[in-house]
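Note sheet for the following structure.
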Amino acid sequence: MMKINMELLPMKSHYFLLFAGTAPVVPFLPVYARQLGIPIVGISLIYAILPFIGLFAKTCSGALVDCFHIHRGVFLSSIAISAIGFFSLYFCPSLPSNANAKSNNLLFDCTTPISYLKHCTKEEKCGSNSFLSSIQENQTVTCEVELHGITKNIEEICQSWNSSSVCQDNRITFTAVAGIYHYDKEGLCTFFPINSISLNGEKSEYPTCPELTHANSTVVCDDKSFMSYIGTSGISYEEMISQYQFWLYLICIIIAWSGFAVTVVMSDTLCFQLLGSAGNKYGQQRLFGSLGWGTLVIITGALIDYASAGDAEKDYTPAFVLCVAILFIDLFVASRLHIEGNEKQRGIAGSIVRLMCEPRIVLFVLCCVVVGISTGILWTFQLMLVEDVAFEWNCNFQALKLLQGLIMGVQCFGGELPFFFISGWFIKKLGHVHAMSLVIGVFGIRYILYYTVTNPWVFLPIELLNGFTFGIFYATMTSYASHVAPLGTEATMQGIVGAAFEGIGIAVGGFVGGAVFATVGGSKMFLFTGIFNLIFAAIHVTLQILLDRLWIGSVSSDPAGSPIRYVPPSESMRPVTAEDDEEASGEPLQGSKD
C-alpha cells in the first residue's frame, strides 16, 4: 500500500491549483490580444517586455527573501497579485478599429451608370463567403477614401462630383457610402456599389466619371467585419502606442506576469526546501502542476467554444472566471504550507559571483537562454500557427478552441506529466548536461515537424515531445540550480536560472519570433528555429567534450554529465563551522549535495 507523505500534500495541491488557475488564461493571451485588435508587432513587443519584467521580479524577489527571510509574505502576496492581474485583463477594451485599420486592397472603379469599390484576391479567402452571406438588407459602410495614382481628367472628375475646388497632386480624398448588400461577384472579384460621396463639403449621389477610371485607393471604413473581409495593412507602431487601450492591457499583463513569475520561483524554492536531501523527487511534486494545467486548459477550450457559439468573436468569460476563482482557492491552500527561511549567510553576492565564474555553469545558463528562446516562440506563436493551419485546411473549422485546448492537454498529460514523474531517474541516468543537449535537439525536431503540418489535428501527436522540451528541461534546470546553490542562496540561484530562461530567452524568442513571423509566416519561423536548435545542440555537445579535456575546475563532470565527486560551490562557499575545523584534520571533504 502506497504511503502518502502528508507533509508534501499541500505542496502538490498548490502546484495543481496554481497551474490549474493560470491555464484558462495564459496560453490564450496572444490570440486574445489579437482579438482585442493588438497587431503582431504589438504582441511581439509585449512578449519581449514581459520576460524582462519576470527577470527583474524573480531575481529581486529571490535576493529579497534570502536576505530578509520573508518567504511567506512574498509567496502569498505574489499569488494574490497574479489573480488580480490576470482577471483585470478581462476588462481591457479593444483597440478602436475605425481609427487604426487601413486597407490598400480596394480599387476605385468609376464608370457609368454607377461606380464601385472593387476588391479582388488571388485565391478564395477563408471566411469570405461567410461574411458576404451575413450582410443584412440595405447595409452600408462609410469609408474615408484617398485615391492616388490618377494621371488624367482629375478636373473633370471633380467637376462631375459637384466639387467647387480643383483636385491637385494626382490625389483625391473623399467620404464614400457604399451599399455592400447589393454587391456583385465575378470570379475572385467583388464589387460594392457607391451610393454617394462627399468631397469638400459637396455631396454627390451615385457618382460617375466622364470616362472609365480605375484608381488605387487607401480606405478606412467604419465596419470592422468589412475591413476584416477586404484585409488591412494592420495598425502601425505609432498608431498602436497612441491608444490608451494598448497601454492599459500592457500594465495589467505586467502586473499579472510579475506575480506569476515570483510565485513560480518561490514555489520551486519552497519545494526543494521541503524535499531536503530527496531533491530528486521534485518532478513527482511538479507533475501535479502539469495535471492541473492539462485538465483546465481542455475544459476551458471547450467552454470558450460553447460560450462563443454563433458569435463572430470568441467569448473568453469562462476563462477569466475560472482563473480568478481557482487562484484564490490556491491562496488559501498555500497559506497552509510550512514555510521557513534558511539561516542567514554573509557574502551572498560574492558567493553567487564566484559560482557564475564556473565555465560549465555559464554554459548551462546559456542553454537555459536557448531553450527560453524556443519556448518564447512556442508560447507566443504556437496557437497562431494552429489557427492559420486550421483555417487553411478548412475555412469552416468549428472546433478551434477545443483543438487548442487538446493541444495543451496532450502537452501536459502525454508529455509533461509522465516525464516529470521519471525526471529524477532520467537525470540520474543521463546527467544534467546530456539531458540539456537532448532537450535542445528534441526542440529542433519538434519545430521541423510543425513546418510539415497541413492537417491541424496532426499537432496533437507532436505535442508528446513536450515531455522532453519542458518536463525534462524544467526538472533539469531547477535541480541543477538547487544542486550548485551556495547555502542560503537557493532562492537567488533559482531566480538566476529562471531569469535566464524566462527573462532573456523568452524575451528574445517573443521579439525576434514576431519579426520572423511577420516576414516569412509561422511555418517557416518554426522551421528556422528548429534548424537553429539542432545546430546549437551539436555545438553544446562539442563544447562539453572540450571542457572535459581542457578545463580542470571545481565543477567536473562524470561520464553521465552531472556534477559529481567534487566539492560543490555550496560547500566551498558556506561559512566555516566548528565541525569543519574538526574534519579539516582528516581527509578533504568530497561528495556532492543530494
Side-chain angles (χ1 to χ4, degrees), residues 4-23 26-27 54 58 62 71 75 78-79 82 260-297 326-327 330 333-334 336-339 368 371-372 375 379 408-428 430 432 435-436 439 463-483 485 490-491 493-495 497-498 501-502 594:
I4 299 176
N5 189 333
M6 298 304 296
E7 185 179 354
L8 294 176
L9 186 59
M11 193 73 235
K12 293 179 173 68
S13 301
H14 161 65
Y15 271 130
F16 178 88
L17 291 169
L18 173 63
F19 289 96
T22 51
V26 172
K58 284 188 173 189
H71 293 67
F75 179 49
S78 65
I79 298 174
S82 298
F260 185 49
V262 174
T263 303
V264 170
V265 74
M266 288 301 303
S267 299
D268 292 337
T269 301
L270 296 174
C271 183
F272 278 106
Q273 285 184 1
L274 289 172
L275 290 172
S277 60
N280 62 312
K281 295 183 179 180
Y282 164 78
Q284 297 177 22
Q285 320 308 314
R286 179 58 177 79
L287 67 83
F288 283 87
S290 298
L291 181 64
W293 181 280
T295 302
L296 266 295
V297 78
I326 297 175
L327 284 180
D330 179 43
V333 172
R336 306 292 96 187
L337 281 169
H338 180 65
I339 303 173
C368 292
V371 176
T375 305
W379 288 356
M408 299 296 167
V410 173
Q411 288 179 0
C412 293
F413 293 120
E416 292 176 24
L417 196 150
F419 278 86
F420 267 131
F421 186 78
I422 65 170
S423 60
W425 172 86
F426 191 94
I427 295 171
K428 182 179 180 180
L430 195 62
H432 291 85
M436 188 66 79
V439 165
E463 298 313 299
L464 294 172
L465 296 177
N466 198 57
F468 289 97
T469 58
F470 188 78
I472 295 299
F473 163 73
Y474 201 82
T476 301
M477 178 184 72
T478 53
S479 63
Y480 191 88
S482 178
H483 188 91
E490 288 84 356
M493 194 63 199
Q494 291 291 346
V497 296
F501 168 61
E502 293 188 44
D594 290 335

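Just so it is clear, the model here is predicted, and its values are computed rather than measured.
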Interatomic distance, [X] atom [atom1] to [Y] atom [atom2] [nearest 0.5 angstrom]:
X	Y	atom1	atom2	answer
L287	F419	CG	CZ	13.0 Å
F260	F19	CZ	CZ	5.0 Å
D330	I79	CG	CD1	4.5 Å

Of all residues at least two apart in sequence or in a different chain, which pass the side-chain contact (heavy atoms from CB on, under 4.5 Å) check with [X]?
X	result
S423	I472, A475
C271	M11, Y15, L275, Y282, Q285
F16	A20, F288, L291

Which residues pass the side-chain hydrogen bond (donor to acceptor under 3.5 Å, both in side chains) test with [X], sequence neighbours left out?
X	answer
T263	S78
S290	E416
T22	none

Just so I know, are the side chains of D268 and Y474 near enough to count as touching, which here means a heavy-atom distance under 4.5 Å?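 Counting from C-beta outward, D268 and Y474 do come under 4.5 Å.
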
Would you say S479 and I427 make side-chain contact, with heavy atoms under 4.5 Å? yes

Parallel, tilted or perpendicular: ring planes of F501 versus F473, cut at 30 and 60 degrees: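 Rings of F501 and F473: tilted, 30 to 60°.
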
